[in-house]
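Bear in mind the structure is a predicted one, so any value in this text is a computation, not a measurement.
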Number of protein chains: 2
Amino acid sequence: MSKIQHRNLYREVADRVRDLIEHGELIPGERISERELCEKFGVSRTPLREALKVLAAEGMVELLPNRGARVMKLTVKMVKDTYDLMGALEGLSGELACRQISDAEIAGIRDLHEQMLKHYRQGELAEYFRVNQQIHEKILAASGNEILIEMYDNLSHRVKRVRYSNQMSDDFWRKAVDDHENMIGALEQRDGQRLGQILRDHLGNKLEVASLTGIVDDTDDRDPAAR
Amino acid sequence: MSKIQHRNLYREVADRVRDLIEHGELIPGERISERELCEKFGVSRTPLREALKVLAAEGMVELLPNRGARVMKLTVKMVKDTYDLMGALEGLSGELACRQISDAEIAGIRDLHEQMLKHYRQGELAEYFRVNQQIHEKILAASGNEILIEMYDNLSHRVKRVRYSNQMSDDFWRKAVDDHENMIGALEQRDGQRLGQILRDHLGNKLEVASLTGIVDDTDDRDPAAR
DNA sequence: AAAAAGAATTATGAATTCAAGATTACACGA
DNA sequence: TCGTGTAATCTTGAATTCATAATTCTTTTT
């Protein structure tokens, strides 16, 4: 039985706004009109403003005092920095996971791995990505470090708007699958050092296939919406 | 010339409450009375509640719907998890720093290192810790990854309440200084791999000298203030 | 006396109101 | 025509008010 969820308005609103940002309905740098969103959600300004504060703490929006909220703009550097961070966190998750993961959990990941290979061989990119992500999530969960999971989650939200080129080069794909082959090996041997190293390096590739559409190049321009 | 700081009330309040928690004036698990804090700060409930939402997003307080706010309770596991994370982040900071740190910056860190050694030889623990922290902050800053810095900052706030035994064993201290000797060496050779490895392992020691006073052992007790 | 039920009180959640800062529109002068 | 100054409008920041959920206190019943 699941817990009764007392949901506060501000949480609901924060989730909805987060979704709007992730789905590109609110574009980076765009000014967020309080009045407009209040009407859209049918709530007063109080819970909306609380939600915006939470989203600002999460790095999803930017709050300019007396000048309202803006969707956080991603620069190439920020995306790169975020991937570096996520790599480090994944590395740690691998190390920790190896210390305590159960045989059953490893078997589950092995299953996903085989599925992923199948999708790779059949060139099903979208399916491949989906299963791929599941593997990383399983390892993360197996780390047992909830704060790590929370932080990783936050970072992945920030860069969720980044889309990948749907035509990944064969070389990169080949390399990514190789990495995964090594990963599953290290995991089954419970070699935390090696798994950590692989995971830390693995994410670097991802950036190279990120199509930075809509991601502005590094500038100091703080007010692009004023056009 | 520094930027004009438009400070909002809720930011001010969040900072003040954060301080109260870090200085132990609000104790873990304790219920935070909105009315009381409002009077203390001379503000209305609106900015206080906004501040609490931010602090909750930062993991400093816990918001129980319809039941108010509590100072986040630290369990031994949470502290351990946090140190693991901080270790990974420091490791990354070392790797990144080596890629781009300037000779001048290295020299600055070398200076701090010598200072730290002096304090070590003279048994000045407090001074030692202070300079020690400065070194880590310099490396972090040299990484140039602002999101990394932000995350590390957040984590360190969470565990700032943890105090260290003022009688560190000679062995641990010796080992910590050894680590630092290796760190400065790796940094001067700009050996990111090695520096990263050292930093990732380094923090593990810290936990062992943490005196977990006031840190509750792992329990599911969600309502300790109700006594 | 202990437990349960119900009323009174208190605290939180959210809407509304009021105040202050920012933006826009427009007039005027160089 | 461009720039400056000012009034009008709009937006945000914060206090207040109202509604509802939680807690405490009292009364009642066994």
Side-chain angles (χ1 to χ4, degrees), chain A residues 3-18 20-21 26-27 29-57 60-73 221-227, chain B residues 3-18 20-21 26-27 29-57 60-73 221-227:
Chain A
K3 254 186 204 166
I4 296 170
Q5 281 292 345
H6 288 258
R7 307 246 344 133
N8 290 24
L9 263 187
Y10 86 95
R11 283 172 172 282
E12 207 75 46
V13 171
D15 289 349
R16 298 274 299 265
V17 175
R18 207 181 287 110
L20 287 181
I21 294 174
L26 289 172
I27 37 185
E30 181 178 285
R31 168 106 172 254
I32 296 175
S33 159
E34 290 187 4
R35 192 182 44 74
E36 213 173 292
L37 280 187
C38 284
E39 283 169 15
K40 188 170 191 138
F41 296 143
V43 299
S44 79
R45 279 176 58 219
T46 308
L48 175 70
R49 303 183 91 249
E50 291 173 343
L52 288 177
K53 258 115 200 152
V54 171
L55 292 170
M60 297 293 292
V61 307
E62 201 175 10
L63 255 37
L64 309 175
N66 290 318
R67 301 186 54 192
R70 296 198 151 68
V71 179
M72 184 65 85
K73 215 168 43 171
D221 183 10
R222 299 275 85 193
D223 197 359
R227 272 168 273 173
Chain B
K3 256 186 202 164
I4 296 169
Q5 279 294 340
H6 290 257
R7 301 230 12 116
N8 289 25
L9 263 188
Y10 86 96
R11 283 172 173 282
E12 205 74 45
V13 171
D15 289 349
R16 298 274 300 265
V17 175
R18 207 181 287 112
L20 288 180
I21 294 174
L26 289 172
I27 37 189
E30 181 177 287
R31 170 106 170 256
I32 296 175
S33 160
E34 290 187 4
R35 192 182 43 76
E36 213 172 292
L37 280 188
C38 284
E39 284 168 15
K40 188 170 189 136
F41 296 144
V43 299
S44 79
R45 279 175 59 218
T46 307
L48 175 70
R49 303 184 91 248
E50 290 173 342
L52 288 178
K53 258 115 200 150
V54 171
L55 292 169
M60 297 292 292
V61 307
E62 202 175 8
L63 255 37
L64 308 174
N66 289 318
R67 302 188 52 192
R70 294 199 154 67
V71 179
M72 184 65 85
K73 215 168 42 172
D221 182 11
R222 296 276 85 190
D223 198 359
R227 273 168 270 174

TODO: Please state how far atom CZ in A:Phe41 lies from atom P in C:dA14, giving the value in whole angstrom units.
DONE: 15 Å

Open item on the list: Taking only side-chain N and O atoms of A:Arg67, does any of them lie within less than 4.0 angstrom of OP1 or OP2 on C:dT23?
Closed with: yes

Task: Interatomic distance where CD belongs to B:Glu50 and C1' belongs to C:dA14 [whole Å] - done: 13 Å

TODO: Rounded to the nearest angstrom, tell me the gap between atom NZ in A:Lys53 and atom P in D:dA14.
DONE: 8 Å

Task: Length of the line joining A:Leu52:CG and C:dA14:C1', which is rounded to integer Å - done: 16 Å

- [ ] May I ask you to verify if any side-chain N or O of A:Arg31 is less than 4.0 angstrom from the OP1 or OP2 atom of D:dC10?
- [x] no

Open item on the list: Can you work out whether A:Pro47 or B:Ser33 has the more 5'-proximal nearest nucleotide on DNA chain C?
Closed with: B:Ser33

Open item on the list: Using whole Å, what does the distance between atom P of nucleotide D:dT12 and atom CD of A:Glu36 come to?
Closed with: 10 Å

TODO: Round to the nearest Å and state the distance from A:Leu37 atom CG to C:dA14 atom C1'.
DONE: 17 Å

Open item on the list: Using a 4.0 Å heavy-atom cut-off, does A:Glu34 contact any base of the nucleic acid, only the sugar-phosphate backbone, or nothing at all?
Closed with: sugar-phosphate

Task: Distance, rounded to the nearest Å, where A:Tyr10 contributes OH and C:dA14 contributes P - done: 9 Å

TODO: Check the distance between C:dA15's P and A:Arg45's CZ and give it to me in whole angstrom.
DONE: 12 Å

TODO: State whether the distance check finds a donor on one side and an acceptor on the other, under 3.5 Å, for side chain B:Thr46 versus base D:dA15.
DONE: yes

Open item on the list: Measuring from atom CD1 of B:Ile21 to atom CD of B:Glu30, what distance do you get when rounded to the nearest 0.5 angstrom?
Closed with: 10.0 Å

Open item on the list: Which heavy atom of B:Arg31 sits nearest to which heavy atom of B:Arg67, and what is that distance?
Closed with: NE-O, 3.6 Å

Open item on the list: So, OP1 or OP2 of D:dC10: does either fall under 4.0 Å of a side-chain N or O from A:Arg35?
Closed with: no

Task: Interatomic distance, A:Leu63 atom CG to B:Arg11 atom CZ [nearest 0.5 angstrom] - done: 7.0 Å

Task: Side-chain ion pair, A:Arg35 and A:Glu39, N-O less than 4.0 Å - done: yes

Task: B:Asn66, nearest nucleotide to its side chain (from D:dA14, C:dA15, D:dA22) - done: D:dA22

- [ ] Check B:Tyr10 against B:Pro47 and note the closest heavy-atom contact, atom names and distance.
- [x] CB-O, 3.6 Å

